[in-house]
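In what follows, every chain begins at residue 1, and chains take the letters A, B, ... in the order their sequences are listed.
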Amino acid sequence: MSTTAAPTPGASREDLARLEEGWGERPSLRSWFSTVDHKRIGRRYLVTASLFFVLAGLSALAMRTQLARPESRLLSPQEYNQLFTMHGTAMIFLFATPMLFGFGNFLVPLMIGARDMAFPKLNAFGYWVFLFAGLFMWASLPFGAAPNAGWFAYVPLTDEGNTPGLHMDVYSLGLLFLGIATTAGSINFIVTALKLRAPGMSLNRVPLFVWAIVATAFMVIFALPALNADNALLFLDRRFGTHFFDPAHGGNALLWQHLFWIFGHPDVYIIVMPALGIVSAVLPAFTRRGVVGYALVVFAMASIAIISFGVWVHHMFATGLPQLSYGFFSAASTIITIPSGIQIFAWLATMLLGRLVLKVPLLFVIGFIVTFVLGGFTGTMFALTAFDQQVTDSYFVVAHFHYVLIGGAVFPILAAIYYWLPKITGRMYHEGLGRWAFWLFFTGMHVTFFPMHLYGLFGMPRRVYTYPNEPGWAGWNLVATAGSYVLAIGLLLVLIGVVHAVRRGRPAPPDPWGGDTLEWSTDSPPKPYNFPVLPQVHSLHPTWDETSRTSMTEGATDDRIMADGRRTLATSELDGRRERTVDMPESSLQPLLLALAMLVFFTSMLFGWYPVAIVAGLVVAATIAVWLWPTRRPEQELGVR
Amino acid sequence: MSTRDGIAAATSTEALTTELPAGRSLGWWGMVMFVATEATLFACLIGSYFYLRFQHGGPWPPDGIAKPALLRPLMMTAVLLPSSIPVVWAERGIRRGQRWRLRTGLAATLVLGVTFLVLVATEYAETLREFTMTTNAYGSLFYVITGFHGFHVFVGLTMISWLLVASLRGGSFGAHRHDRVRNVAIYWHFVDVVWAAIVFSLYLTPRLS
């Protein structure tokens, strides 16, 4: 099974020509701006999110350089505040989620055997909004007006009196703008996974990565409104004199924290869960068997998605809330480790029972397990209120969440880059270079962040731009700074590896790893229409299963080719029974226009040009009205009496 | 392949299912998810209202502001909640291909919705004399929550006008194509139900304490 080439298409030459005519795009400036192809959009998400990752990473290197020695004056306190705020905000909002959404965009339609996302134009719109929101926030940094009160922006520090200037307006408006992209993307993932699965792909045959993306999207739907409400209220307080967070006029500063963490804790899983999905997708190819306990892993994902909404107060154990609520949230925070543990043991069992193929993606998966479990240990320590109150706001917290987020998101993302690079670019990467990158990154990561546990326990607070020469602080800080450079070199080698693969890599076969999911049943890179023949799915591992594979070759039927126009199949939500064909939209400039109008809206809100904002709002409404305007059809086709 | 000829194409699932679409459409799911996330947003705002109110303690509304008058909000409710009925009637009509029902129903809802917004404006004209958004947290909550809902009514009315124009043009909707009508109807029902939650929270509960 490891040598399967892409099946000889069961579609005839004329079918292929008609498919190419319907779906292909001639390279031109216009098509670059108007494309709605989920693969191009997915690639753009990946490249743009990586760019923001580099910016946020360089901010971190500047901070580590400053902290290498005590009493350093390389950066001013004002600069340092903006750097750590932008580092955190960008890593969470502009890198982690968009990067994973990029993989989702590229892979979900391929994994479920569809020709595009459910709403391709909305997908293109989501990308442009993400790009503009990211630029909106980063553009403030050269002007010294970047957000500067930490990524969770607590009031009263962030109210107008304590942080004057545009800084926190950039934060609240930027995140509201970005929220539009995240919400649109999530709705698109849910509808795509519910309705566009290939016939025969009932819910118990959905790949774990797709389950993870859907669970994540549901968390976004119900968590993100809390952040949006919070930021809207903050902006109103700062700009228009309302009193939501102002205790002197009946408001309450803790309202900010509650709303922020009602979003913020699910967000930890919004970041980590798709990454765990990546792990479940990579393992079968490199252990030569399916993930152990498929149903249990799905159950674990669903229960994490639900329980994650009941643990937010563990971020607020130091705020003086009633003891009873601490007891409840402490218990919930301990319970959520059970489904997380189920997944870890499922992967360990998969590796134990399978035959390991030790290539770079698997190395990163193993690095993920080691790092993430260490972060999980300190996580269970934080679930205990008494311990939490001792170390909160110290470097121990910084160590903990970097273990969780680098372990839980960055390692899987790097595994995904190596694993799917052949599918995305059609080129193989250099294995030796990849191994060097892994070992440098792994070593650098632990040398950077492990010492932070120590000097956190020695009492060093987080978010200080410099520090006095206390016993135990200076030496370990120097070690951490040295580690951060090693880590950066490792990441540089990843970048070099990707560029090398794109320019010089040898061409990739359709299925270089012998993977089990449907994306390995089609070309590398896939044609614009993804599959000449949509598959009929007969098992959880369609590419490993003869019947599903031949459904795309000898077993091809016309109603799964649909060569005319741009069409894909809609199936029923639970059983994946065929329902109807769906016409997919053509490429269009409307998504870009709509996103631009929104950029003008948010920019004019920032600078207080309210008449311009109103005009931009009208352009937004008009664009949507034209976008959705029904095409005129003959009465007979409509069914009018 | 031998099966590929004209007869097969005419009897394929594709040809058969264009007659009677089966199952929920993509747009239906998209709108339901959108309404779910919007409803959560309103839940956060109403949750903030109760959080600030109970953390504040003492008389509510604070600072000697009178309890909200009930007559007008009840009139608003009597206008807005029934405005869903013509939408349902219009949607059922177009499902049978009766365009006149679609047009009449949408027009009736439009009139009711605009009446609601006029009532909101007259209410603001009175309350603004007593307190504003910047008076205290109660004022901020009152105007932001009702204003945000009013904006949703306005957006809903824009959608309904848009549907009405499209249906007057002809060639837009019929028994086989009415996804957009259904999606706008879902949004409108949502805006109605949220109003019921707001009347209960902002107008009725201050009288319970």
Which bit of [X] comes within less than 4.5 Å of chain A, counting heavy atoms only: side chain, backbone, both or neither?
| X | result |
| --- | --- |
| B:Val165 | both |
| B:Phe148 | neither |
| B:Phe173 | both |
| B:Thr132 | neither |

How long is the span from the [atom1] atom in [X] to the [atom2] atom in [Y], to the nearest 0.5 Å?
| X | Y | atom1 | atom2 | answer |
| --- | --- | --- | --- | --- |
| B:Asn136 | A:Thr242 | CG | OG1 | 11.0 Å |
| B:Arg180 | A:Trp629 | CZ | CH2 | 10.0 Å |
| B:Glu38 | A:Ile221 | CD | CD1 | 10.5 Å |
| A:Asp246 | B:Thr134 | CG | OG1 | 11.5 Å |

Close side-chain approach of [X] and [Y], heavy atoms under 4.5 Å:
| X | Y | result |
| --- | --- | --- |
| B:His176 | A:Leu638 | no |
| A:Lys195 | B:Ser25 | no |
| A:Ile187 | B:Trp29 | no |

- Task: Output yes when B:Arg24 and A:Glu579 qualify as a salt bridge under the 4.0 Å nitrogen-oxygen rule, no when they do not.
- Result: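 No.
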Considering only heavy atoms, which portion of [X] lies under 4.5 Å from any heavy atom of chain B: side chain, backbone, both, or neither?
| X | result |
| --- | --- |
| A:Leu194 | side chain |
| A:Ser186 | neither |
| A:Glu573 | side chain |
| A:Leu254 | both |

Would one find more than 12 heavy atoms of other residues, nucleotides or ligands at under 6.0 Å from atom [atom1] of [X]?
| X | atom1 | value |
| --- | --- | --- |
| A:Phe240 | CZ | yes |
| A:Arg577 | CZ | no |
| B:Tyr124 | OH | yes |
| B:Phe54 | CZ | yes |

Between [X] and [Y], which heavy-atom pair has the shortest distance, and what is it?
| X | Y | answer |
| --- | --- | --- |
| A:Pro225 | B:Cys44 | C-SG, 4.2 Å |
| B:Gly174 | A:Val640 | CA-CG2, 4.0 Å |
| B:Leu141 | A:Phe244 | CD2-CE2, 3.6 Å |
| A:Asn252 | B:Gln55 | ND2-CB, 3.4 Å |
| A:Thr183 | B:Thr37 | CG2-CG2, 4.0 Å |
| B:Leu45 | A:Leu233 | CD2-CD2, 4.2 Å |

Do you know which of [options] has the most heavy-atom pairs with chain A at a distance under 4.5 angstrom?
| options | result |
| --- | --- |
| B:Ala39, B:Gly97, B:Gly57, B:Pro62 | B:Gly97 |
| B:His56, B:Arg99, B:His178, B:Met159 | B:Arg99 |
| B:Leu52, B:Val32, B:Asp63 | B:Leu52 |

- Item | Trace of the side-chain contact (heavy atoms from CB on, under 4.5 Å) decision for A:Leu628 with B:Trp162 | CA-CA 10 Å; A:Leu628 292 172; B:Trp162 176 88; 3.7 Å; yes
Examine distances only and state if a side-chain atom of [X] and a backbone atom of [Y] form a donor-acceptor pair shorter than 3.5 Å.
| X | Y | result |
| --- | --- | --- |
| A:Arg632 | B:Ser172 | no |
| A:Arg580 | B:Gly23 | yes |
| B:Ser140 | A:His243 | yes |

- Task: Walk me through it: do A:Leu196 and B:Leu26 pass the test side-chain contact (heavy atoms from CB on, under 4.5 Å)?
- Result: CA-CA 9 Å; A:Leu196 296 189; B:Leu26 305 187; 4.1 Å; yes
